[in-house]
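Data first, discussion second: the structure below is written as structure tokens.
Quick caveat: nothing in here was measured; it's all calculated off a predicted structure.
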Amino acid sequence: MYSAGAATPDEVATDCRTDSDKLENCEFVDVQNKANSLGPNERVTSVTDNCGVSTPATKSFSGTASATRVIQLENGFGVDGSTKLGSSFFEIGVKFNTQEINIKRDDTTSSFSFTRSDTVKADHIAFFMWSHKRTDVSGFLRATYKEAQDGKTVFFSPSEGATSVHVFYPQLLNSGTPDGRLWLRNVQCGTPQANGLLNSTKSVRSEPGFGEGGANVTDVEIPLSDVSIE
């Protein structure tokens, strides 16, 4: 007896992700969406050290801020854009691309580089943080198999009507660069936060969001209109 291999939602997701030849089609079905949500908090410049100095200092910062479409299946796997499912995510993106909100539908990266001078507080370290704006579209997968299993050809993952599959479409400015929040973060020297940053300047750290760093951290948002984009 032919088995489509779609007995469980995980197997459906795997077949969709790998573009199994058992499939007639696999598509993402959107259920709900939220515009203007913020992505990960990322440090986008090197750390500038003004520790042990009793006066503020003007320092030059250079960095690159970027955003990429992210697909989150329940098992954490991504999806190649050339698959049936990858094509479905692109088509859903067309639906949410409007005159008011321009979104990035494919999986290429949009970015901008900048250089600017800003004030590092006395006895502080400083760096720029970035969190891109995105439209979060959630839903489920619907797979149609070429051959029936247990009398059915259509299966869902994780279930019909679910909202646990997410696609995060970066929102773009009219220039095509990513929209988001850019801010200068000053951290008091001698604190665990500053010591951790100084000891890990070449590695990726998870950083708190804007205004969430605590008493030893000062965040100042920089409007993107004030940034000289290179």
Side-chain angles (χ1 to χ4, degrees), residues 1-40 42 64-112 130-173 176-180 204:
M1 182 179 293
Y2 180 88
S3 172
T8 69
D10 282 346
E11 289 170 337
V12 172
T14 298
D15 283 344
C16 285
R17 178 175 56 83
T18 59
D19 213 23
S20 170
D21 58 9
K22 304 171 187 174
L23 291 172
E24 184 70 40
N25 193 24
C26 182
E27 55 194 325
F28 173 63
V29 180
D30 61 288
V31 175
Q32 62 187 28
N33 69 90
K34 178 184 178 182
N36 297 316
S37 66
L38 290 170
E42 304 172 81
T64 299
S66 63
T68 304
R69 186 189 67 180
V70 174
I71 296 167
Q72 288 184 357
L73 302 182
E74 281 200 307
N75 54 15
F77 286 105
V79 178
D80 188 281
S82 64
T83 63
K84 297 180 183 71
L85 182 56
S87 176
S88 176
F89 285 124
F90 183 89
E91 291 168 1
I92 289 291
V94 172
K95 174 180 175 180
F96 290 98
N97 196 50
T98 66
Q99 287 186 333
E100 293 77 24
I101 297 179
N102 179 28
I103 63 171
K104 187 68 173 173
R105 301 186 296 277
D106 61 24
D107 53 7
T108 57
T109 298
S110 295
S111 64
F112 66 87
W130 163 254
S131 180
H132 69 269
K133 281 187 181 180
R134 59 191 189 178
T135 295
D136 174 4
V137 183
S138 56
F140 61 96
L141 305 183
R142 178 171 60 207
T144 303
Y145 285 82
K146 296 175 181 176
E147 301 288 343
Q149 176 185 347
D150 297 330
K152 298 191 301 180
T153 57
V154 178
F155 295 84
F156 305 100
S157 177
S159 61
E160 188 173 11
T163 57
S164 46
V165 174
H166 288 262
V167 192
F168 298 103
Y169 297 97
Q171 295 176 197
L172 305 177
L173 299 171
T177 59
D179 193 4
V204 176

Taking the side chain as every heavy atom from C-beta outward, state whether Phe112 and Pro178 have any pair of such atoms under 4.5 Å apart.
yes
Output, in order, the C-alpha distance, side-chain angles, deciding distance and verdict of side-chain hydrogen bond (donor to acceptor under 3.5 Å, both in side chains) for Thr68 and Thr109.
CA-CA 5 Å; Thr68 304; Thr109 298; 2.7 Å; yes
Straight-line distance of Leu38 CG to Asp136 CG, nearest 0.5 Å
11.5 Å
For the atom pair NE2 (His132) and CG (Leu172), what is the distance rounded to the nearest 0.5 Å?
10.0 Å
Evaluate the side chain to side chain contact (heavy atoms under 4.5 Å, CB included) criterion for residues Gln149 and Phe155: first the C-alpha distance (whole Å), next the side-chain angles of each, then the deciding distance (0.1 Å), finally the verdict.
CA-CA 10 Å; Gln149 176 185 347; Phe155 295 84; 4.1 Å; yes
Checking side-chain hydrogen bond (donor to acceptor under 3.5 Å, both in side chains) against Gln171, which of Asp179, Asn102, Asn97, Asn36 comes through?
Asn36
Minimum-distance pair of heavy atoms, taken over all atoms of Ala162 and Pro158
CB-CG, 3.6 Å
Side-chain heavy-atom pair Leu73, Cys16 within 4.5 angstrom cut-off:
no
If only atom types and distance count, is the side chain of Thr14 paired as donor or acceptor with the main-chain N or O of Asp10 below 3.5 Å?
yes
Please confirm whether the backbone N or O of Lys84 pairs with a side-chain atom of Asp19, one donor and one acceptor, at under 3.5 Å?
yes
Residues which pass side-chain hydrogen bond (donor to acceptor under 3.5 Å, both in side chains) with Ser66, listed by chain and number, not counting sequence neighbours:
none
Distance (rounded to the nearest 0.5 Å) between Asn33 CG and Thr163 OG1:
12.0 Å
Please step through side chain to side chain contact (heavy atoms under 4.5 Å, CB included) for the pair Thr83 and Arg17, ending with a clear verdict.
CA-CA 8 Å; Thr83 63; Arg17 178 175 56 83; over 6 Å; no
Nearest-0.5 Å distance, SG of residue Cys26 to CG of residue Asp15:
8.5 Å
Tell me, please, which residues at least two apart from Phe28 pass ring-ring contact (aromatic ring centres under 6.0 Å, His included).
Phe89
Check this for me, if you would: do Asp106 and Lys104 make a salt bridge, where the nitrogen-to-carboxylate-oxygen distance has to be below 4.0 angstrom?
yes
Is there side-chain contact between Phe168 and Gln72, with heavy atoms separated by less than 4.5 Å?
yes
Testing the basics here: between Pro40 and Arg134, what is the closest heavy-atom pair and its distance to 0.1 Å?
CD-NH1, 4.0 Å
Closest non-hydrogen contact found for Ile103 with Gly93 is CD1-O, 3.3 Å
Start with the C-alpha gap between Val12 and Tyr145, add the side-chain angles, then the distance that decides, and say whether side chain to side chain contact (heavy atoms under 4.5 Å, CB included) holds.
CA-CA 10 Å; Val12 172; Tyr145 285 82; 4.2 Å; yes
Any idea which heavy atoms bring Gly139 and Val31 closest together, and the distance?
CA-CG2, 3.8 Å
With a distance cut-off below 6.0 Å to the six-membered ring centre and an angular limit of 45° from the axis, does Arg142 pair with Phe156 as a cation-pi contact?
no
Taking the side chain as every heavy atom from C-beta outward, state whether Tyr169 and Arg69 have any atom pair closer than 4.5 Å.
yes
Could you give all pairs that pass the salt bridge (charged side-chain N to carboxylate O under 4.0 Å, His left out) test and reach residues 85-99, with sequence neighbours left out?
Asp30-Lys95
Restricting to non-hydrogen atoms, name the atom on Ala13 and the atom on Leu141 that form the minimum distance, rounded to 0.1 Å.
CA-CD1, 4.2 Å
Side-chain heavy atoms of Phe140 within contact of Ser157, under 4.5 Å
no
For a 4.5 angstrom cut-off between non-hydrogen side-chain atoms, does Val137 reach Thr135?
yes
Using a 4.5 Å cut-off on heavy atoms from C-beta on, say whether the side chain of Glu27 contacts that of Leu85.
no
Counting only N and O atoms by type, is there a donor-acceptor contact under 3.5 Å from the side chain of Ser131 to the main-chain atoms of Gly39?
yes
Val167 and Phe90, any side-chain heavy atoms less than 4.5 Å apart
no
